[in-house]
Amino acid sequence: MDLLDLFSLPFMRRALLAGLGIAVMAGPLGVFVVQQRLAFLGDGLAHAAFGGMGLGALLIFGFGLSAGTIIFHEPLWVALPFTLLTALGIAWVSGATRLSGDTAIGVFFAVSTALGVMCFSLIPPDTDVGVDVFDLLFGTILGVRRGDLLFVAGTCLLSLLFFVVAWGRLGYATFDSELARTDGLRVRALEYLLFAVAGVVVAVSALVVGIILIAAYLIIPAASAQMVSRSLIQMTLLSVAIGVATTLAGLVASFYLDVPSGSTVVLTQALVFVGAALVRGLTRRGGTPVI
Amino acid sequence: MDPPALHIHHVTVRFGETDILQDVTFDLERGQFLAVVGPNGAGKSTLFKVALGLIRPREGHAAVGGKAPLSAAPGVGYVPQLKTFDRTFPATALELVVTGLRRAWPARVTRAEREQAAATLQRVGAGHLLHRSLAGLSSGELQRVFLARSLIRQPAIVLLDEPATGVDFLAESDLYDLLERYQTETGATIAMITHDLAAARYHASQVIVLNRRVHGYGLPEEVLCDECLRGAYGHVGHAHTLLSA
Ligand SMILES: Nc1ncnc2c1ncn2[C@@H]1O[C@H](COP(=O)(O)OP(=O)(O)OP(=O)(O)O)[C@@H](O)[C@H]1O
Ligand SMILES: [Mg+2]
């Protein structure tokens, strides 16, 4: 079976489109997450999405609604605002206190995971609440539904718009927030916007491809790109390119090797990461940075 | 009459329980070279941050060239006190200098911007650093890049927070030459925080001795006397030997 045939399979095509969408929105986001040392943010927000999905599922069960009858019965409609609020909460806590970003994230991380587990435990097994805990955790990139693609496309458009408009200011504020403020940039507002976008991107991606996969998309491409980039724009474009390439390669490899697709994508990203680290290590050995 | 380059009006800044600045008042006329001296923790950097609009004073206000601090930003060049900088941030000297023109991080540097940045770096004796990665610069080299960043927008007032830190002896005298040349060419006002009392005496046209409040403001020879310095520093130690050198 050649590649074209492979992606003519509907489930493969949907997996590819979802993966590409997530790569494109997580790429630039990951750059700022990595540069602001918020490596934990992806995990933290993904677990907030988990907590939110639990809450949503419990509400659906509690009100005796069955999932999928009306679109508003999707647990995503609870998980999305829940994750968004968590993102803003993290931004607020780390701004208003002396806690570092990752400490604030850690607190929300633990609480939302506990909340999610609590909610799901209150729902009798085999109840259809529109979401499966195992899928939510470990991902179902091959099980992407047509409706999910709409969410991914919408979120992708939104975040691309944000990054096209705000990239220069975000970059400046990330380099040195004090200098950016002396030039009149509203650094706090930018920060809240970035966290809000992160909340939406992670919530939607976590539902579609699972918590583990979105955390990987947010960190590994950007971290690999950072090691071999000379400029922030180069890092941003490379981060997107690595996400896109590893999605493609991972999906194809998983199909032929008959292994789980999500894991294969993450492992492909890990290969690129190791490659970038090697390139960096070898070119640095002479003492002067070559790249 | 033109408004003063820097107008500090009964400014009080408080962090927590203590006043960092207490009723600080002075006007700096255009074209002056001000040295701000005082011990560590005196509130010198804080005073600059008030002028830059980074800190809103509890009482009083500041104006730069007659404008509120943030709206004056395009005409202000600022060299921050040397700080730890994120060496993982992928950036070249060129890009950092261009932020002084754009007030955003550049994705693509235009030809005109590149030429202007190259000329400005040349001027601060760092032309060879143009395409160097920031991660590989020494702190003295970095300081020059920050200086170029502040000058590229041709500011009417330059605020320098200990710009000579980490810069070698020869470079330090280059720095004063450069600032004085910039000043005669453009008529700009310069305010510089320094711990080098001899340099303050030699190069500045005005000196302010600060420790929470103003202990002296005026001509260097008037203000850099044992009496004023004792007020600000507690004891003067060997400062007088430095000054008479
Ligand atoms: N954000 C802050 N929160 C609380 N205290 C602060 C803050 N910034 C500065 N301070 C305090 O204000 C005082 C003055 O600080 P400032 O940086 O203005 O001193 P300085 O005169 O520039 O000192 P140095 O010569 O060491 O640079 C210090 O005691 C410092 O601890
Ligand atoms: Mg200081």
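When reading the values below, keep in mind they use all heavy atoms of this one structure, side chains included, and skip hydrogens, waters and symmetry mates. These numbers were taken from a predicted model, which means no experiment stands behind them. Every chain is numbered from 1 and lettered A, B, ... according to where its sequence line falls, protein lines coming before strand lines.
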I need the minimum non-hydrogen distance between Val37(B) and Ala200(B), along with the two atoms involved.
CG1-CB, 4.1 Å
Based on non-hydrogen pairs under 4.5 Å, which of Leu52(B), Thr99(B), Leu134(B) is most in contact with chain A?
Thr99(B)
Residues in residues 233-246 of chain A near chain B [non-hydrogen atoms, under 4.5 Å]
Ile233(A), Met235(A)
Given heavy-atom pairs under 4.5 angstrom as the criterion, report whether the side chain, backbone, both or neither of Arg149(B) touches chain A.
side chain
Measure from the ring center of Tyr172(A) to the ring center of Trp167(A) and say whether it is less than 6.0 Å.
no
For Leu232(A), which atoms come within 4.5 Å of any heavy atom of chain B: side chain, backbone, both, or neither?
both
Going by atom types only, do His10(B) and Glu59(B) share a side-chain donor-acceptor pair under 3.5 Å?
no
Who wins among Ala72(B), Ala91(B), Gly53(B), Ser71(B) for the most heavy-atom pairs under 4.5 Å with chain A?
Ala91(B)
So, the part of Leu70(B) with a heavy atom under 4.5 Å from chain A: the answer is side chain
Any salt bridge between Arg181(B) and Glu185(B), counting N to O under 4.0 Å?
no
Quick check: does any side chain N or O of Arg87(B) sit under 3.5 Å from a backbone N or O of Leu137(B), one acting as donor and the other as acceptor?
yes
Sub-4.5 Å side-chain heavy-atom contact between Arg230(A) and Thr92(B):
yes
Going by atom types alone, do Gln32(B) and Thr189(B) pair a side-chain donor with an acceptor below 3.5 Å?
no
Salt-bridge contact Asp86(B)-Arg37(A) (side-chain N to carboxylate O under 4.0 Å)
yes
Winner by heavy-atom pair count (cut-off under 4.5 Å) against chain B, out of Ser231(A), Gly184(A), Gly171(A), Ala173(A):
Ser231(A)
For Gly38(B) and Ala42(B), which heavy atoms make the closest approach, and how far apart are they?
C-CB, 4.2 Å
Whatever's closer than 4.5 Å to a heavy atom in chain A on Pro74(B) counts as neither
